[in-house]
Amino acid sequence: LPAGASAWTAPVSIGADDMADRHPSIAWAGNTLVAAWDSKELRSSGANLAVLAASSTDGGQTWSTPAAIAPVEQGQSQYPRLGRDGADVRAVWYDSRAADWRWRVMTAKFSGGAWSGQKMIMSRGVNTWPATDAGVIVFSSTRNAKRLQRDRT
């Protein structure tokens, strides 16, 4: 329900009809509403996920063209979550592009209408299910795991 409105507006689609868009998250950055989600080709398997985002300055009536925060060519990027970080919006998600194949948490910041470069948070173990608010990032981890992530053979 838009702020100050007494009724819901008509739904607006910001993803692509020919893609599997899922796991949305939204947050405000000043007067800008930001949405992020993961997206993949409409296939049951073998399709990499990208994290996409769009923004709206009119309360969600119209949206910018979706752009990749984490492009599909770089690895599996999924389950984005957005949160406030000062006057900006921070995105966090987990991603498979670490050199040791472990899931790592990635982050980027939406500031001044654009996304900053992605950064991988280096932490031991497999790191998944991130969340963020007020500039703080939390995630689950197997930080004390003793076994290798992949069989050497």
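We number each residue from 1, following the sequence as shown.
Take R84 and apply the salt bridge (Lys or Arg N to Asp or Glu O under 4.0 Å) test, not counting sequence neighbours, and it matches no residue. The side chain to side chain donor-acceptor pair (under 3.5 Å) check on T128 picks up S140, with sequence neighbours excluded. The salt bridge (Lys or Arg N to Asp or Glu O under 4.0 Å) test applied to D21 returns no partner, not counting sequence neighbours. Checked against side chain to side chain donor-acceptor pair (under 3.5 Å), T62 has the following partners two or more places apart in sequence or in another chain: D58. Qualifying side chain to side chain donor-acceptor pair (under 3.5 Å) partners for N127, counting only residues two or more places apart in sequence or in other chains: S141.
A 4.5 Å side-chain heavy-atom check between V34 and W115 finds at least one atom pair inside the cut-off.
Here the OG atom belonging to S39 is positioned 11.5 Å from the NE2 atom belonging to H23, to the nearest 0.5 angstrom. Rounded to the nearest 0.5 Å, atoms OG (S96) and CG (N48) are 6.5 Å apart. From Q76, atom CD reaches atom CH2 of W103 across 5.0 Å, with rounding to the nearest 0.5 Å.
Each of W93, W129, F139 was checked for a ring-ring contact (aromatic ring centres under 6.0 Å, His included) with Y79, and the lone residue meeting it is W129.
Checked by atom type and distance alone, the side chain of S25 never pairs as donor or acceptor with a backbone atom of A36 at under 3.5 Å. S55 places no side-chain N or O within donor-acceptor distance of the main-chain N or O of T32, the cut-off being under 3.5 Å. Side chain of S116 to backbone of K109: a donor-acceptor contact under 3.5 angstrom is found. A distance-only check finds no donor-acceptor pair linking the side chain of Q118 to the backbone of A108 [under 3.5 Å]. Not a single donor-acceptor pair under 3.5 Å links the side chain of T107 to the backbone N or O of V92.
Under a 4.0 Å N-O distance rule, the pair R22/D38 qualifies as a salt bridge.
Hydrophobic clustering (ILVMFWY, side-chain heavy atoms < 4.5 Å, transitive): M106 and M122 are in one cluster.
Residue S56 comes nearest to G60 through the heavy atom pair OG-N, 2.8 Å, listed as atom of the first residue, atom of the second, then distance. When all heavy atoms of P66 and A54 are compared, the pair lying nearest together is CA-CB, 4.2 Å. Across Q78 and V51, no two heavy atoms sit closer than the pair N-CG2, 4.1 Å.
Side-chain N/O atoms of T132 and R81 include no donor and acceptor closer than 3.5 Å.
Through side-chain heavy atoms spaced under 4.5 Å, either directly or across other Ile, Leu, Val, Met, Phe, Trp or Tyr residues, I26 is tied to V12, I14, W28, L33, W37, L52, W63.
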